[in-house]
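Here's the structure, in structure tokens; my notes come after.
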2 protein chains.
Amino acid sequence: MAGAVADPVRREILLMLRDERLTAGQVAERFAISRPAVSRHLRVLREAGLVRDTADGRRRVYELVTAPLEELAGWLGRLTAPAGWQHHLDALETEVHRTRRERRAQPERSEKPHEPGQRAQAEQRESA
Amino acid sequence: MAGAVADPVRREILLMLRDERLTAGQVAERFAISRPAVSRHLRVLREAGLVRDTADGRRRVYELVTAPLEELAGWLGRLTAPAGWQHHLDALETEVHRTRRERRAQPERSEKPHEPGQRAQAEQRESA
DNA sequence: CTGATGCGTAACTTACTGGTTACGCTTTCG
DNA sequence: CGAAAGCGTAACCAGTAAGTTACGCATCAG
């Protein structure tokens with residue numbers, strides 16, 4: 001999802017769609033890039049669930065779907081509203097130094113694992 | 001900025017940094033990918049202004065900077081809190097049909113231009 | 001029916017991004 | 001001082017994503 005929002009063209013499209021339902025052609029008119037390119041941007045947004053399209057005769061009308069953005073908003077909220085703030089500014093300072101000594105003795109990591117699991121090159125790219 | 005947040009690894013890093021200051025090495029330990037790769041992710045985040053690093057002897061401590069995320073939050077807010085909502089669901093419906101007839105007569109577009117300016121392949125990619 | 005219009009897809013090119021290994025620099029430790 | 005630790009950068013490779021042109025299909029108008 002976040003990937004869909006990363007592209008400036010797509011952000012612009014979403015903004016345009018914020019208060020107007022538009023056909024594919026109307027969207028394309030507003031950009032310098034070719035219509036097929038826009039068409040694909042729309043497809044990405046559609047697959048990300050950020051827009052919904054409705055066939056209307058020989059044209060296709062797109063409209064914004066705000067719901068999925070809540071998820072992003074949630075993530076953002078978790079970040080901007082930190083758990084403890086003053087906390088580590090001094091507390092962790094010492095932990096860093098302590099760790100530094102420990103490491104030499106035991107190559108294992110004694111920190112909080114923060115559940116990283118196994119993440120590698122496969123699984124990285126996110127489509128939606 | 002939004003581009004920096006698009007990568008899942010970077011999102012994870014930001015999350016980790018949410019309540020701990022961490023050294024580059026500590027961050028790298030939590031991922032399966034190589035340290036240089038993480039180092040570059042950190043650089044991207046740094047250039048995006050999302051983290052700040054402090055040299056501490058031979059190690060480098062990273063900390064989160066929440067401020068720039070407000071901007072993204074703002075954009076998100078504009079999207080999730082539409083101007084008129086019920087409005088166009090019926091009002092614009094007719095406009096679309098009206099436009100459709102007009103187009104034949106005058107190839108110009110009579111819609112709101114939404115200030116698209118000139119956007120093309122140069123300028124697309126956003127680094128920060 | 002025939003031509004024009006509106007969209008989407010296919011095929012292809014190009015550029016960037018992310019990963020890896022190799023290396024260099026600075027700081028710490030014995 | 002010399003070895004190792006901690007980071008970052010350089011060089012390189014692979015995959016992806018965005019753009020373009022060409023084309024196909026459906027719908028609407030004459």
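The analysis underlying the following values was restricted to heavy atoms, covering all of them including side chains, and did not include hydrogens, waters or symmetry mates. Note on naming: letters A, B, ... go to the chains in the order of the sequence lines (proteins, then strands), and numbering restarts at 1 for each one.
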| task | Check B:Ala6 against A:Ala6 and note the closest heavy-atom contact, atom names and distance. | result | CB-CB, 3.7 Å

| Between the base of D:dG19 and the side chain of A:Arg40, is there any donor-acceptor pair under 3.5 Å? | yes

| message | Looking at the base of D:dG6, is there any donor atom on it, or on the side chain of B:Arg60, that sits under 3.5 Å from an acceptor on the other one? | response | no

| Would you say a side-chain N or O of A:Tyr62 is under 4.0 Å from OP1 or OP2 of C:dG8? | yes

| field | the helix from C:dC1-D:dG30 to C:dG30-D:dC1: angle between end helix axes, five pairs per end, rounded to 10 degrees | value | 20°

| field | Nearest-Å distance for atom pair CD/P, residues A:Glu47 and D:dA17 | value | 11 Å

| task | Indicate whether OP1 or OP2 belonging to C:dG6 is found under 4.0 Å from a side-chain N or O atom of A:Thr23. | result | no

| query | Is the count of non-hydrogen atoms from other residues, nucleotides or ligands lying under 6.0 Å from B:Glu70 atom CD greater than 12? | reply | yes

| field | Between C:dC7 (C1') and A:Glu29 (CD): distance, integer Å | value | 13 Å

| task | Map A:Gly57 and A:Arg10 onto DNA chain D by nearest heavy atom, then report which one ends up closer to the 5' terminus. | result | A:Arg10

| field | Length of the line joining A:Asp56:CG and C:dC7:P, which is rounded to integer Å | value | 10 Å

| said: Quick one: does any side-chain atom of A:Arg11 pair with a main-chain N or O of A:Val5 as donor and acceptor, under 3.5 Å? | reply: yes

| query | Are OP1 or OP2 of C:dT20 and a side-chain N or O of B:Ser34 less than 4.0 angstrom apart? | reply | yes

| task | To the nearest 0.5 Å, tell me how far B:Leu79 CG sits from A:Leu64 CG. | result | 5.0 Å

| remark: The side-chain contact (heavy atoms from CB on, under 4.5 Å) partner of B:Arg30 among B:Val38, B:Leu22, B:Ile13 is B:Leu22

| field | Protein-nucleotide distance (B:Ile33, atom CD1; C:dT20, atom P), rounded to Å | value | 6 Å

| task | Report the distance from atom CG of B:Leu17 to atom CZ of B:Arg52, rounding to the nearest 0.5 Å. | result | 11.0 Å

| In whole angstrom, what separates B:Ile13's CD1 from D:dC7's P? | 13 Å

| said: Categorize B:Arg43 for me: base, sugar-phosphate, or nothing, with a 4.0 angstrom heavy-atom threshold over every strand shown. | reply: sugar-phosphate

| query | Rounded to the Å, how far apart are B:Arg35 CZ and D:dG6 P? | reply | 10 Å

| Just to confirm, is there a sub-4.0 Å distance from OP1 or OP2 of C:dG19 to any side-chain nitrogen or oxygen of B:His41? | yes

| task | State which of C:dT27, D:dG19, C:dG19 makes the closest approach to the side chain of B:Arg58. | result | C:dT27

| request: To the nearest Å, give me how far apart CZ (A:Phe31) and P (C:dC7) are. | output: 15 Å

| request: Would you kindly give the CZ-to-P distance between A:Arg59 and D:dC28, to the nearest whole Å? | output: 9 Å

| said: Taking any heavy-atom pair under 4.0 Å as a contact, classify A:Ala37: base, sugar-phosphate, or nothing. | reply: base

| Judged by atom type as modelled, is there a donor-acceptor pair below 3.5 Å linking the side chain of B:Arg10 to the main-chain atoms of B:Ala4? | yes

| said: I'd like to know if the side chain of B:Arg18 reaches the main chain of B:Leu14, judged simply by a donor and an acceptor atom lying under 3.5 Å from each other, with no hydrogens or angles considered. | reply: no

